Number of protein chains: 2
Amino acid sequence: MAPHSRDEAAAPGPDPDDPRLPATSWAVLGMLAFEQELSGYDIKKWADWSLKLFYWSPSFSQIYGELKRLERHGYVTSRTVMQDDVRGKRVYAITPTGREAVRTWARTAPVETPVLKHGVLLRVWLGHLTDPTRLREIVAEHRDNSERRRAEAAVDTQAAHNETAWAYPEIALKWAERYHAAERDLADQMLRDLDDLQASGRATAPMPLAAGSASAAGAGARVAGDEEG
Amino acid sequence: MAPHSRDEAAAPGPDPDDPRLPATSWAVLGMLAFEQELSGYDIKKWADWSLKLFYWSPSFSQIYGELKRLERHGYVTSRTVMQDDVRGKRVYAITPTGREAVRTWARTAPVETPVLKHGVLLRVWLGHLTDPTRLREIVAEHRDNSERRRAEAAVDTQAAHNETAWAYPEIALKWAERYHAAERDLADQMLRDLDDLQASGRATAPMPLAAGSASAAGAGARVAGDEEG
DNA sequence: CTGGAGTATTTCTATTAGAAACACACGCAG
DNA sequence: CTGCGTGTGTTTCTAATAGAAATACTCCAG
């Protein structure tokens, strides 16, 4: 087995510095840092509402799991509040230790590459597999979706603007608004590129199925060119 | 147990339609659709080189796993080629069935939301946890990284332009070039927003640790406001 | 001949996505 | 009043994914 992995169930108390928690932990702890008791359900809804515009919303399973882990670390405490006589829910609040930890993370974590997985672009990249009309439809739909998300972000930006103390979320949401506007415009430009390709007649036959496609896969794939035994 | 889950080790032959494979499977199969025998290693290198600019590059473990699954489905075949007398490698080639399957996927798969996980934005959103100078540094570093990726994409776009038959990858790479340029410009705009916030004096004290932060978490968090038992 | 870089693949663990199951409350249509 | 859908709130399960590391062998430089 590994030397001791990166255990975290060892001591009951909080860790000395910040243990290397995944980004989602910090996101959850960060939400709690806005001074408010929140249940797992609250966090999920809030994330869906606003965080998802620039940071993929975590699943229920993960949120509840993270909350338990954060509690083990002493970063949050929880209590059960009753809503009617039988039903209760567990709400979490950040501790001073947790606040310190999330501050340290925000200050010192390395600047990482944003994760982007753009299915539409993958399909454009593989454009020779689809007929041009359908491909155009796909990109057009993506453009419309981007505009929809832009509008959503604009509404949320307004909402944040009206609340004092939401200065930073407002800046992030403004960024999201511009980001999704850019996505929309990028889609439009790509639509034009696609049309130009059509007009130039080089489309739909990029990879002759038989015949001399020897140098086909070009630069990236030439690696497989010197084998045979 | 579930009715029959979505088994895929059932029949040895290829599936009737397209079994619901994850996106990564299609990405791998799509690369093989460029007519070329490729090893797992080749695919990884190629993905790192170009796909990662718009579609997060899969890990070795996943690529090798996907190749085995694709072979079980009859979408690819493999053979071992010798490079010297002892060392060999396994290269994969797409089958007609596989080509048909990836075509069907490209044509019919729903247009899905791109996955974005932007750590930098998360930290801006939580800006009140960091001192403004450090936050500015983080965003500035992100801007520089974006410009670097933009330049990378520009080089690759050129390379694709010179190869015939790379029309669609070229369009995708052109998109990537503009995308990362947009990211760079968005970071610059956000830097200005951050400076404005500083100038207006509303920074660093958005969340009074004590005192009347009753309505603090605002719109999204008001959910926890009507409890107590 | 030792060390590092590149090729090539496998194994392991932790993180993450997503669906589903469960449980209860509330309002509304039949 | 009975069932049905919707919303709250949480847990459990499976599969997908990221990332590091182990293995192993080659070639080249010092």
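Worth knowing before you read on, the calculation uses all heavy atoms, side chains too, and leaves out hydrogens, waters and symmetry mates. Keep in mind the model is a prediction, meaning the values are calculated, not measured.
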Note to self: Tell me the interatomic distance from B/Asp48, atom CG, to C/dG6, atom P, rounded to whole angstroms.
What the structure shows: 13 Å
Notebook entry, point to check: Does a nitrogen or oxygen in the side chain of B/Gln62 sit under 4.0 Å from OP1 or OP2 of D/dA18?
Noted result: yes
Check: When you check the phosphate oxygens OP1 and OP2 of C/dT10, does a side-chain N or O of B/Tyr64 lie under 4.0 Å from one of them?
Finding: no
Check: Between C/dT16, C/dA17, D/dA18, which nucleotide gets closest to the side-chain atoms of B/Pro58?
Finding: D/dA18
Note to self: Between P on D/dT11 and CD1 on A/Ile43, what's the gap in Å once rounded to a whole number?
What the structure shows: 13 Å
Check: Out of D/dT17, C/dT9, C/dA17, which has the shortest distance to the side chain of B/Glu66?
Finding: D/dT17
Check: Over how many whole Å does the gap from B/Arg90 atom CZ to D/dC25 atom P extend?
Finding: 18 Å
Next item on the list: Respond yes when some side-chain nitrogen or oxygen of B/Arg69 is under 4.0 Å from OP1 or OP2 of D/dA16, and no when none is.
Entry: yes
Check: Could you give the CG-to-P distance, from B/Leu38 to C/dT7, as a whole number of Å?
Finding: 14 Å
Notebook entry, point to check: Between A/Phe34 and A/Trp46, how do the two ring planes meet: parallel, tilted or perpendicular, split at 30° and 60°?
Noted result: perpendicular
Checklist line | Earlier contact from the 5' end, DNA chain C, for B/Gly88 and B/Val115 | finding: B/Gly88
Next item on the list: Using whole Å, report how far CG of A/Leu21 lies from C1' of C/dA14.
Entry: 12 Å
Check: Quick one: on DNA chain D, does A/Lys68 or B/Ser59 contact a more 5' nucleotide (nearest heavy atom)?
Finding: A/Lys68
Next item on the list: Side-chain contact test, heavy atoms from C-beta onward, threshold under 4.5 Å: evaluate it for B/Leu67 versus B/Val28 and give yes or no.
Entry: yes
Notebook entry, point to check: Would you say C/dT7 has OP1 or OP2 under 4.0 Å from some side-chain N or O of B/Lys45?
Noted result: yes
Check: So, is the end of the B/Arg123 side chain (NZ or CZ) under 6.0 Å from the ring centre of A/Trp105 and within 45° of the ring's axis?
Finding: yes
Next item on the list: Check every atom of D/dA16, C/dT16, D/dG9 against the side chain of B/Pro22 and return the nucleotide holding the closest atom.
Entry: D/dA16
Next item on the list: Measure the distance from NZ on A/Lys89 to P on D/dT10 and round it to the nearest whole Å.
Entry: 8 Å
Check: What integer distance in Å separates A/Lys117:NZ from C/dT15:C1'?
Finding: 13 Å
Checklist line | Nearest listed nucleotide, side chain of A/Arg87, among D/dA20, C/dA17, D/dT8 | finding: D/dT8
Check: For the side chain of B/Ser61, counting heavy atoms from C-beta on, which of D/dT11, C/dT9, C/dC12 is nearest?
Finding: C/dC12
Check: In whole angstroms, how far is the P atom of D/dG7 from the CZ atom of A/Phe60?
Finding: 12 Å
Item checked: Identified ring pair (Phe, Tyr, Trp, His ring centres under 6.0 Å) partner of A/His118 from the options B/Phe54, B/Trp175, B/Tyr179 -> B/Trp175
Next item on the list: Check whether any side-chain nitrogen or oxygen of A/Trp56 sits under 4.0 Å from OP1 or OP2 of C/dT16, and answer yes or no.
Entry: no
Notebook entry, point to check: Got a second to check how far B/His180's NE2 is from B/Arg149's CZ, nearest 0.5 Å?
Noted result: 6.5 Å
Item checked: Carboxylate-amine/guanidinium contact A/Asp48 A/Lys44, below 4.0 Å -> yes
Notebook entry, point to check: What is the nucleic acid contact for B/Thr24, judged by heavy atoms within less than 4.0 Å: base, sugar-phosphate only, or nothing?
Noted result: sugar-phosphate
